[in-house]
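In what follows, every chain begins at residue 1, and chains take the letters A, B, ... in the order their sequences are listed. In what follows, every heavy atom counts, from backbone to side chain, and hydrogens, waters and symmetry copies are set aside.
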There are 2 protein chains.
Amino acid sequence: MKTMTISKIAKEAGVGVETVRFYERNGLVQQPPKPSSGGFRVYPVETAERIRFIRQAQELGFSLREIKELLSLRTDPATDCADVRERAQVKLDEIIRKIAQMKGIQTALEKLIAACPGRGALQVCSIIDAIEAPEKTKTNLKKRKRKNYE
Amino acid sequence: MKTMTISKIAKEAGVGVETVRFYERNGLVQQPPKPSSGGFRVYPVETAERIRFIRQAQELGFSLREIKELLSLRTDPATDCADVRERAQVKLDEIIRKIAQMKGIQTALEKLIAACPGRGALQVCSIIDAIEAPEKTKTNLKKRKRKNYE
DNA sequence: ATACACTCCGTACAATAGTACGGAGTCAAG
DNA sequence: CTTGACTCCGTACTATTGTACGGAGTGTAT
């Protein structure tokens with residue numbers, strides 16, 4: 001196995017060298033020490049996996065701050081297990097909520113696509129319409145008043 | 001129904017007035033005309049729904065640019081239906097991919113939580129480990145030092 | 001041993017997504 | 001008709017998430 005320099009890691013992870021450094025500066029990946037013999041830093045291959053995870057989580061709407069929290073979850077006997085469980089559970093709930101929302105949009109898009117060739121059979125004209133009518137395409141769903149927010 | 005001013009819309013949507021204006025400037029919501037009688041702009045209630053959709057889509061990792069695309073999808077007989085279908089399908093594929101990724105993280109978190117009290121039964125020590133081992137516990141590829149981080 | 005690519009580090013610049021501010025206009029209650 | 005809250009609009013500032021640049025050091029292939 002060739003020595004993993006920062007550019008190899010970056011290539012492996014599909015990001016630029018500067019991005020790796022940026023993640024190092026922000027504590028998302030650990031910067032390996034410079035070898036005592038001098039020269040360039042050598043990276044463990046796992047770093048690339050870690051970065052790929054970061055990018056994936058970003059695509060799913062997590063901020064770097066949140067991703068850092070995700071990555072800091074460890075079932076390490078040395079740390080408090082109950083705490084890890086609790087934090088993991090919070091993230092899990094969030095994920096489950098997001099999946100549900102995602103499925104809402106999925107259904108809406110499917111409705112939109114289905115409404116396309118029939119032209120007018122459904123009243124679905126935009127993705128908003130497709131979402132706002134969860135199931136019942138019955139009349140007068142505009143009467144609901146939503147005071148739900150804050 | 002009282003006249004929806006911008007601050008009512010903002011409150012209804014759970015955002016600040018400035019955010020509404022920002023979305024207007026960027027074409028995500030349409031700015032209603034000033035009444036010919038003069039005075040303040042009056043907003044249709046749907047604007048609040050639209051903004052809530054924007055916020056939701058953002059949470060799911062879509063940029064405002066992408067959300068604008070989503071919102072511009074319309075099964076309008078006047079526009080090319082095949083085009084709408086195509087663009088909707090692209091978004092749909094993306095959503096489906098994201099849901100799959102999300103489920104990957106969900107499973108990883110569940111493994112992490114499961115590994116917590118048993119302590120050592122599973123080798124899952126971080127969320128990365130929980131993700132990188134899809135299900136086959138192919139021995140000792142991952143067995144090396146995982147002491148490196150934090 | 002020299003060329004050349006790559007590392008290292010600091011700082012600067014950039015895009016996205018807001019948030020804040022200030023001054024002038026408007027509305028509605030007292 | 002005054003007062004206070006809100007609108008309108010422009011501009012400026014902020015946070016997050018990177019990208020780019022420049023100069024000095026290092027590794028390596030020829």
Side-chain angles (χ1 to χ4, degrees), chain A residues 1-45 47-48 50-71 149-150, chain B residues 1-45 47-48 50-71:
Chain A
M1 191 229 300
K2 47 196 182 173
T3 57
M4 290 303 263
T5 59
I6 192 167
S7 66
K8 305 248 181 61
I9 288 291
K11 190 163 202 177
E12 193 79 0
V15 302
V17 167
E18 299 307 322
T19 302
V20 180
R21 289 201 213 287
F22 176 75
Y23 290 160
E24 286 175 349
R25 281 202 298 284
N26 290 277
L28 281 127
V29 317
Q30 204 200 322
Q31 185 180 52
K34 269 207 259 199
S36 46
S37 50
F40 300 157
R41 298 176 196 280
V42 175
Y43 288 73
V45 272
T47 303
R50 196 171 168 98
I51 293 169
R52 276 197 299 270
F53 173 80
I54 293 167
R55 302 305 284 211
Q56 182 182 278
Q58 273 188 305
E59 276 193 23
L60 302 178
F62 292 95
S63 69
L64 292 187
R65 183 178 307 276
E66 290 170 318
I67 292 166
K68 206 168 163 182
E69 283 166 28
L70 275 173
L71 287 167
Y149 279 91
E150 117 289 31
Chain B
M1 194 232 298
K2 45 199 187 171
T3 57
M4 291 302 266
T5 59
I6 193 168
S7 66
K8 305 250 180 59
I9 288 292
K11 189 162 203 177
E12 194 77 2
V15 302
V17 167
E18 298 308 323
T19 303
V20 180
R21 288 202 213 285
F22 175 75
Y23 290 160
E24 285 174 350
R25 280 202 298 283
N26 290 276
L28 281 128
V29 317
Q30 210 202 323
Q31 185 179 53
K34 268 207 263 200
S36 46
S37 51
F40 300 156
R41 297 175 197 281
V42 174
Y43 288 74
V45 272
T47 302
R50 196 172 168 97
I51 293 169
R52 276 198 299 270
F53 174 80
I54 293 168
R55 302 304 283 210
Q56 182 181 272
Q58 273 187 303
E59 275 193 24
L60 302 179
F62 292 95
S63 68
L64 291 187
R65 182 179 306 275
E66 290 170 318
I67 293 166
K68 205 168 162 184
E69 283 166 28
L70 274 172
L71 286 168

### Message
When you measure from the side-chain N and O atoms of B/Thr5 to the phosphate of D/dT7, is any distance below 4.0 Å, counting only OP1 and OP2?
### Response
yes
### Rounded distance (Å) that lies between atom C1' of C/dC6 and atom NZ of A/Lys11
13 Å
### Task
Using a 4.0 Å heavy-atom cut-off across all strands, classify B/Gly16 as base, sugar-phosphate, or nothing.
nothing
### Query
Roughly, in whole Å, what's the span from NZ in A/Lys34 to P in D/dG27?
10 Å
### Summary
Taking C/dC8, C/dC9, D/dC6 as options, the one with an atom nearest any side-chain atom of A/Gln31 is C/dC9
### Nucleotide nearest B/Arg21 when distance is taken to its side chain, options C/dC9, D/dC8, D/dT17
D/dC8
#### Entry: Nearest-angstrom distance from the residue atom OH of A/Tyr43 to C1' of C/dC6
13 Å
#### Entry: Spacing of A/Tyr23 atom OH relative to D/dT17 atom C1', expressed in whole Å
8 Å
### Message
From C-beta outward on A/Arg41, which listed nucleotide comes closest to its side chain: C/dT7, C/dC8, D/dG18?
### Response
C/dC8
#### Entry: Of B/Glu18 and A/Phe62, the one whose closest DNA chain D nucleotide lies more 5'
B/Glu18
#### Entry: Closest approach of B/Glu24 to B/Gln31 (non-hydrogen atoms, all atoms of both residues)
OE1-NE2, 3.2 Å
### Query
Can you find a pair of side-chain heavy atoms, one from A/Leu64 and one from A/Leu28, that are under 4.5 Å apart?
yes
### Query
Whole Å only: how far is the CZ atom of A/Arg25 from the P atom of D/dT17?
13 Å
### A/Thr5 vs A/Ile9, side chain to side chain contact (heavy atoms under 4.5 Å, CB included): CA-CA, chis, key distance, verdict
CA-CA 6 Å; A/Thr5 59; A/Ile9 288 291; over 6 Å; no
### Message
If you only use heavy atoms from C-beta on, which nucleotide in D/dG18, D/dT17, C/dA17 is closest to the side chain of A/Arg55?
### Response
D/dG18
#### Entry: Spacing between A/Ile6 atom CD1 and D/dT26 atom P, to the nearest angstrom
17 Å
### Message
Are the side chains of A/Arg55 and A/Thr19 in contact, using a 4.5 Å heavy-atom criterion?
### Response
yes
#### Entry: Minimum-distance nucleotide to A/Thr19 side chain [options: C/dT7, D/dG18, D/dT7]
D/dG18
### Message
So B/Tyr43 and B/Val29, do their side chains get closer than 4.5 Å, heavy atoms only?
### Response
no
### Message
Checking contacts here: which listed nucleotide (C/dC27, C/dC6, C/dT16) is nearest the side-chain heavy atoms of B/Phe40?
### Response
C/dC27
#### Entry: Value in whole Å for how far the P atom of D/dA20 lies from CZ of A/Phe22
14 Å
### Query
Within this structure, what is the CZ-to-P distance between A/Arg65 and C/dA17, rounded to whole angstrom?
18 Å
### A/Gln58 side chain near D/dG18 phosphate (N/O to OP1/OP2, under 4.0 Å)
yes
